[in-house]
Amino acid sequence: MARICVFCGSSMGTRNEYKTAAHELANYIAAHDLGLVYGGADVGLMKVLADTALEKGVEVIGIMPKRLIEKEVAHNNLTNMIVVETMAERKDKMVDMSDGFVALPGGFGTFDELSEILTFNQLRISDKPLGILNIAGYFDELLKFFNHAVGEGFVRKEHKENVIVSHKIPDLMRQMNRYQPLTIGKWIEDIKNESNHL
Ligand code: AMP
């Protein structure tokens with residue numbers, strides 16, 4: 001079974017649209033017979049997502065570091081909870097167990113997870129699509145910053161263009177299904193050349 005790993009806020013956010021999106025994404029996952037992988041918490045949008053998916057009979061796998069379990073934010077009714085030692089180990093496990101990633105609105109935890117997948121894809125450590133669900137324009141400023149980073153020569157244009165964004169779930173999923181990883185040979189050569197001109 002294909003599984004989607006979802007990154008999203010451990011908070012609810014201020015707008016109702018965020019909660020609605022977590023709900024709708026869980027419904028989409030159920031309707032398409034997909035499995036769900038997520039951070040395993042019982043708080044914020046993560047809880048909305050997991051509870052809706054469980055209600056619809058989706059297989060829900062949580063992956064959580066031991067330290068967070070001890071803080072008692074773990075969801076107790078998941079199909080499976082995988083306990084790991086560190087945050088790094090958790091992300092590796094999320095990558096191993098999933099076929100694609102969706103980022104919903106969230107905070108630093110969500111930014112960390114989405115940057116990790118973008119970096120993994122850039123380096124071809126993994127080749128699994130990441131889609132940013134841009135609800136209520138939440139990610140607009142971040143996407144603007146990505147453009148700034150391209151302009152300033154720190155992100156390659158093709159890597160920025162390979163980032164999948166939509167405010168509609170079916171459109172996001174369609175784009176993710178068409179995802180084509182970029183080859184790494186050329187840009188590694190470019191970076192080396194650039195560095196040789198010091
Ligand atoms: P944030 O966006 O900062 O609220 O963090 C949420 C993201 O980081 C989720 O996708 C989780 O995988 C991870 N995370 C952060 N806080 C928690 C928590 N209390 N329990 C489980 N995962 C968390």
Side-chain angles (χ1 to χ4, degrees), residues 3-29 34-54 58-121 125-126 128-143 145-146 163-165 167 169 172-173 176:
R3 296 195 192 103
I4 299 288
C5 179
V6 178
F7 307 135
C8 63
S10 53
S11 311
M12 292 297 282
T14 52
R15 292 173 197 269
N16 241 333
E17 287 119 294
Y18 301 143
K19 189 175 161 190
T20 306
H23 232 24
E24 285 176 353
L25 183 58
N27 284 333
Y28 183 97
I29 287 171
L34 300 165
L36 171 66
V37 175
Y38 86 117
D42 196 24
V43 287
L45 294 184
M46 299 172 78
K47 175 180 172 60
V48 176
L49 175 84
D51 285 349
T52 311
L54 287 165
V58 171
E59 175 201 63
V60 182
I61 301 172
I63 306 178
M64 228 186 201
K66 220 193 295 169
R67 260 189 75 192
L68 277 179
I69 301 247
E70 285 156 7
K71 289 193 189 306
E72 296 180 0
V73 290
H75 200 300
N76 290 321
N77 295 312
L78 303 182
T79 318
N80 189 7
M81 176 70 96
I82 298 174
V83 183
V84 292
E85 289 297 322
T86 64
M87 294 294 273
E89 203 185 317
R90 167 157 80 163
K91 279 183 291 189
D92 285 343
K93 201 110 204 126
M94 284 169 151
V95 171
D96 284 349
M97 298 199 69
S98 314
D99 302 287
F101 305 87
V102 172
L104 281 174
F108 286 137
T110 303
F111 306 154
D112 167 54
E113 291 164 335
L114 83 84
S115 325
E116 172 121 335
I117 302 303
L118 292 177
T119 314
F120 271 25
N121 283 352
I125 292 168
S126 67
K128 299 176 181 178
L130 167 98
I132 297 178
L133 193 60
N134 192 16
I135 300 299
Y138 177 73
F139 288 104
D140 285 355
E141 300 302 317
L142 185 67
L143 297 168
F145 184 77
F146 287 177
V163 177
I164 298 168
V165 186
H167 62 286
I169 296 167
L172 193 79
M173 294 293 176
M176 285 170 65

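In listed order, ligands and their atoms are each counted from 1. Numbers for residues simply follow the sequence, beginning at 1.
A side-chain contact (heavy atoms from CB on, under 4.5 Å) with Ile132 is found for one member of Thr110, Leu104, Val163 and no other, namely Val163.
Of all the heavy atoms of Thr110, the ones lying under 4.0 Å from any atom of ligand 1 are found in both the backbone and the side chain. For Ala74, no heavy-atom contact with ligand 1 is shorter than 4.0 Å. If you look at Lys71 next to ligand 1, there are no close heavy atoms at all, none under 4.0 Å.
At least one N or O atom of Gly107 sits closer than 3.5 Å to an N or O atom of ligand 1. Residue Gly106 places no N or O, backbone or side chain, under 3.5 Å from any N or O of ligand 1. Between Cys8 and ligand 1, a contact under 3.5 Å exists for at least one N or O pair.
Between Val37 and Phe101 the shortest side-chain heavy-atom distance does not fall below 4.5 Å. Between Arg90 and Ile82, every side-chain heavy-atom pair lies at or beyond the 4.5 Å cut-off. At least one side-chain heavy atom of Leu36 sits under 4.5 Å from a side-chain heavy atom of Val60.
When all heavy atoms of Pro105 and Ile135 are compared, the pair lying nearest together is CG-CB, 4.1 Å.
Taking a 6.0 Å sphere around CZ of Phe111, one finds it holds more than 12 heavy atoms contributed by other residues, nucleotides or ligands. Counting heavy-atom neighbours within 6.0 Å of Lys128 NZ, excluding the residue itself, gives a total above 12.
Contact atoms of ligand 1 toward Phe108: 3 (O) (distance under 4.0 Å to a heavy atom of the residue). Numbered from 1 in the order shown, with element, the atoms of ligand 1 that lie under 4.0 Å from a heavy atom of Phe7 read 10 (O). Listed by number with element, the atoms of ligand 1 under 4.0 angstrom from any heavy atom of Met64 are 20 (N), 21 (C).
Looking only at heavy atoms of the protein, atom 20 (N) of ligand 1 is closest to Ala41 CB, 3.1 Å. Among protein heavy atoms, atom 19 (N) of ligand 1 sits closest to Val73 CG2, 3.6 Å. The nearest heavy-atom contact from the protein to atom 14 (N) of ligand 1 is Arg90 NH2, 3.6 Å. Regarding atom 10 (O) of ligand 1, its nearest protein heavy-atom neighbour is Glu113 OE1, 2.6 Å. Remark: minimum distance from atom 18 (C) of ligand 1 to any protein heavy atom is reached at Leu68 CD1, 3.7 Å. At the top of the distance list for atom 5 (O) of ligand 1, counting protein heavy atoms only, stands Gly109 CA, 3.4 Å.
Taking the six-membered ring where the residue is Trp, Tyr18 and Tyr138 present perpendicular rings, their angle passing 60° and hence far from 30°.
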Tell me, with the steps shown, if Asp99 and Arg3 meet salt bridge (Lys or Arg N to Asp or Glu O under 4.0 Å). CA-CA 5 Å; Asp99 302 287; Arg3 296 195 192 103; over 6 Å; no
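Counting only N and O atoms by type, the side chains of Asn134 and Asp140 include a donor and acceptor under 3.5 Å apart.
Close to ligand 1: Gly9, with a non-hydrogen atom less than 4.0 angstrom away.
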